[in-house]
Amino acid sequence: MAAEMLRRGQLVAFPTETVYGLGADATNSDSVAGIFESKQRPEFDPLIVHVADIAAAEQIVADFPEVARKLAAEFWPGPLTLVLPKRPHISDLVTAGLPGVGLRIPKHPLAIELLQAVGRPVVAPSANPFGGVSPTTAGHVVDGLGGRIDGVLDGGPCDVGLESTVVSLMTDQPMLLRPGGLPIEDIEAVIGTVQRAVSDPSQDNAAQPAPGMLSRHYAPATMLRVIPIDDAAATIEGKRCGLLTHGEHPFPQGFEQIEQLSDTGDLRTCAANFFAALRSLDSANLDVIIARSFPATGLGIALNDRLRRAAFV
Ligand code: TXA
Ligand code: MG
């Protein structure tokens, strides 16, 4: 049913292990354009192409270098997007005119089943209005995009909870474009040092090699303030405050709502609960959300990245 809808050119959201994606047939330009329209996404921000297996991936890219093969063998299916030289038939709308295409095989039984049934590559950005908080349940998708898309395939809450790690292999040195659900340390253990892309806020409206690195992104409507991991969380006089925290005992006084991501501070659990907790605080009619940062290792790197962008004003 969902596969048939995608083949007909409709927009269908589906679960992956990272976040829900808004799917469209990558070979149908009208459908791809529909994604930009429904998300109100700027056309300089390219889309990730999703496929079911390596054979399908090879049809998308012009070159599959050894380093890509190593990463694919180790981490696909999984929360890793590789940017590789595209074949000419992949439209400029998908890649925002860039020579590279972002590609991944998701690790979710429903996603794989869907991709196999569609039999074509499927573009899928996170299924939320542009710049907002990514959806980790079907309900989140409906909250953000209901009425603007044709359907949602419900696969329950996402396991990983953070978007894929994006690594570009377009340059001599592999380059990290977005930290995500696969820790960068795991990638470096397989291929050695990966360069970090630096984002430049003055370039926010321009096409750039890492167009997704916008300073403000993943953002709730409520003001968000990030505190260092070891600071005491305190409310602000006269403001209705919420707290997004982890591993904290006892909880500080005076907060209207506290979202505890993990009692032990386990980063996998923090990641899995992160966007749902941020949404819950955002709908609690608060003046400010105070968020405790994460240790700067493993998934904590991606979590801190999301916090920093969510807090950028
Ligand atoms: O986990 C994920 O990656 C989810 C699920 C649905 O697969 N998708 C997702 O898509 O997060 P989106 O569009 O919300 O974020 C994709 C990121 C953006 O930062 C985009 O700029 C970057 O990947 N990207 C995609 N294609 C690219 C390309 N050809 N070159 C450089 N960056 C690319
Ligand atoms: Mg997104």
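Whatever order the structure lists ligands and atoms in, that order sets their numbers, starting from 1.
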Under 4.0 Å between a side-chain nitrogen and a carboxylate oxygen: does that hold for [X] and [Y]?
X      : Y      : value
Glu17  : Arg104 : yes
Arg196 : Glu188 : yes
Arg240 : Asp287 : no
Arg69  : Glu58  : yes
Arg279 : Asp282 : no

For ligand 1, which atoms have a heavy atom of [X] less than 4.0 angstrom away?
X      : result
Pro125 : 10 (O), 12 (P), 13 (O)
Leu98  : 30 (N)
Gly21  : 6 (C)
Val101 : 29 (N)
Leu177 : 31 (C), 32 (N)
Thr18  : 1 (O), 2 (C), 4 (C), 5 (C)

**Complete:** So CZ of Arg178 and CD1 of Ile184: to nearest 0.5 Å the spacing works out to 13.0 Å
Do any N/O atoms on [X] end up under 3.5 angstrom from N/O atoms on ligand 1?
X      : result
Ser126 : yes
Asp45  : yes
Lys39  : no
Gly100 : yes
Glu163 : no
Arg178 : yes
Thr95  : no

So is [X] in contact with ligand 1, going by heavy-atom distances below 4.0 Å?
X      : answer
Lys86  : no
Met170 : no
Ala124 : yes

**Item:** Lys/Arg cation over aromatic Tyr218: Arg306, 6.0 Å, 45° cone
**Value:** yes
**Prompt:** For ligand 1, does Arg41 get within less than 4.0 Å through its side chain, its backbone, both, or neither, judged by non-hydrogen atoms?
**Reply:** side chain
**Message:** Below 2.8 Å, can you find an N, O or S atom of Ser126 next to the Mg ion (ligand 2)?
**Reply:** yes
**Pair Arg148-Ser38, side-chain donor/acceptor within less than 3.5 Å** = no
**Prompt:** For Ser164 and Thr81, does a side-chain donor sit closer than 3.5 Å to a side-chain acceptor?
**Reply:** yes
**Message:** For Phe130 together with His217, are the ring centres under 6.0 Å from each other?
**Reply:** yes
**Prompt:** Of all heavy-atom pairs between Val133 and Pro220, which one has the smallest distance, and what is that distance?
**Reply:** CG2-N, 3.8 Å
**Fill in**
Heavy-atom nearest pair, Pro252 first then Ala233, reads CB-O, 3.4 Å
**Per atom 24 (N) of ligand 1, closest listed option by heavy atom (Ala13, Gly102, Pro46)** = Pro46
